[in-house]
Amino acid sequence: MDISTDVLIIGTGVSGLYFALNLNSNLKVTVITKSNIRDCNSYLAQGGISVARNKEDIDVFIEDTLKAGRYKNKRSSVKILAEESLKNIKVLQNYNVDFNMDDGHFNYTREGAHSIKRIVHCDDETGKQVTETLIQEVKKRKNITVIENAYLADIICKDNKCYGGIVLREGVQTNIFSKFTVLASGGIGGLFKNSTNQRTITGNGIAIAIKNNIKIEHLDYIQIHPTSLYEKEKNERKMLISESLRGEGGKLYNINGESFIDELLPRDVVSKAIFEEEKKTNSPFVYLDISNKPDNYLKERFPFIYSECLKRDIDITKDKIPVTPAQHYFMGGIGVDEYSRTSMENLFACGEVSCTGVHGANRLASNSLLEALVFPARAAKIINENIDKMKLSIFDVPILTKTKEDIEIENKKLVINKLNNIAEDSEYELVDC
Ligand code: SIN
């Protein structure tokens, strides 16, 4: 069976949904996801979204982003990120995202390596609130169709031009022909034994890029978040303990109760210090303590973390939280320009699967959701302006002989092989497949 659409988007995280919403409402837009619409990393984001608070803050925000990224960032993209931050946050407000406010002003929070408080948030579940709001907006749009449990087996391409995607649904092949195709399929966290990411996010988009000779960049730029909840014998996704706890005054101690690092240094620095401390004290975790704050404040400001920890017999108003670093984000990915265009014609990439260069070698906290807004909005504008010049091409596509499971294993192996050189270190232990 074949489907024709103007724009095919792969992925229902914030970047995919926001992309769809920024396309003209007269375009036929098809969004697919390999599992269900909420099964994405955006949904898990706790801390918030960075924003340049005013004109004066733009340069400071740029410098914070560059410094955290070890100055390996693409400066022109960082400038775009900072300059276009506020206007995209306002779009979310217009969609009724319920950001925490004080007297009509944003209640900004802080995280590591930000020199001021500039992160807007919805308690400690910003990703969930933003994604839910975008899902509701997408449902209102008659021109957008979301297809769940649709696995992208490959893109349809010829002579470095993309014509859509080959999709498997319950074992049945559907060829979706599109004028423009957008990979917004997320990162690679599911390939790591210890990761805060959804286990389903296994680098499919990266594997497809490798197979089709699409430019990829900086596979070695992998971010380890300093504080995931330490749980003995837990092999599933690690629960994130948001950096905003440290931004709001949480302190790190080794198991002997000694302080060992400035909590607000960039993530790579704090993670390294924790690993060293764990080795020194022969312990698989250190402690994060925020119990110095009033009980009610903690319950209101961090309701999700409070209740999830309580389920595990940790009362954050009294107890220290055992934490350890875990893989969290992928700064490398499919190389794109400032409008999210890949090296293949008519193919865009957005969000964690892409490498815009904004994060450099180490992402500044809360810049991921921002990137997932700013760059899809820019790319959608390009499509809106150019769609009329495009003709849909439909042609025979070979019948797939492999199952979804075979392709998935093949793709995981492909990316794991590429990562192996980097991942020798036990801190980056990869899954077996
Ligand atoms: C966190 O809340 O610590 C994660 C936010 C992010 O990854 O930027």
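For ligands, and for the atoms within them, numbers begin at 1 and follow the listed sequence. Predicted model only: the values in this text are computed from it and were never measured.
For the side chain to side chain donor-acceptor pair (under 3.5 Å) test, no residue two or more places apart in sequence or in another chain qualifies with Lys28.
Cation-pi check for Lys293 over Tyr297 is met; the charged atom lies under 6.0 angstrom from the ring centroid and within 45 degrees of its normal. Remark: Lys117 fails to qualify as a cation-pi partner of Tyr108 under the 6.0 Å distance and 45° angle criteria applied to the six-membered ring. Annotation: cation-pi geometry not satisfied between Arg341 and Phe348 (NZ/CZ under 6.0 angstrom from ring centroid, within 45° of ring axis).
Lys280 has no carboxylate O lying under 4.0 Å from a charged side-chain N of Glu278, or vice versa, which leaves the two without a salt bridge.
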Pick out the protein N or O atoms lying less than 3.5 Å from any N or O of ligand 1, and list each pair with its distance.
residue, atom, partner, partner atom, Å
ligand 1, 2 (O), Gly47, N, 2.8
ligand 1, 2 (O), Ser242, OG, 2.6
ligand 1, 3 (O), His225, NE2, 2.8
ligand 1, 3 (O), Glu243, N, 2.7
ligand 1, 7 (O), Arg267, NH1, 3.2
ligand 1, 7 (O), Arg267, NH2, 3.2
ligand 1, 7 (O), His328, NE2, 2.6
ligand 1, 7 (O), Arg363, NH2, 2.8
ligand 1, 8 (O), Arg267, NH2, 3.1
ligand 1, 8 (O), Arg363, NH1, 2.8
ligand 1, 8 (O), Ser366, N, 2.6

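Ring geometry for Tyr221 versus His218: interplanar angle under 30°, hence parallel rather than tilted (30 to 60°).
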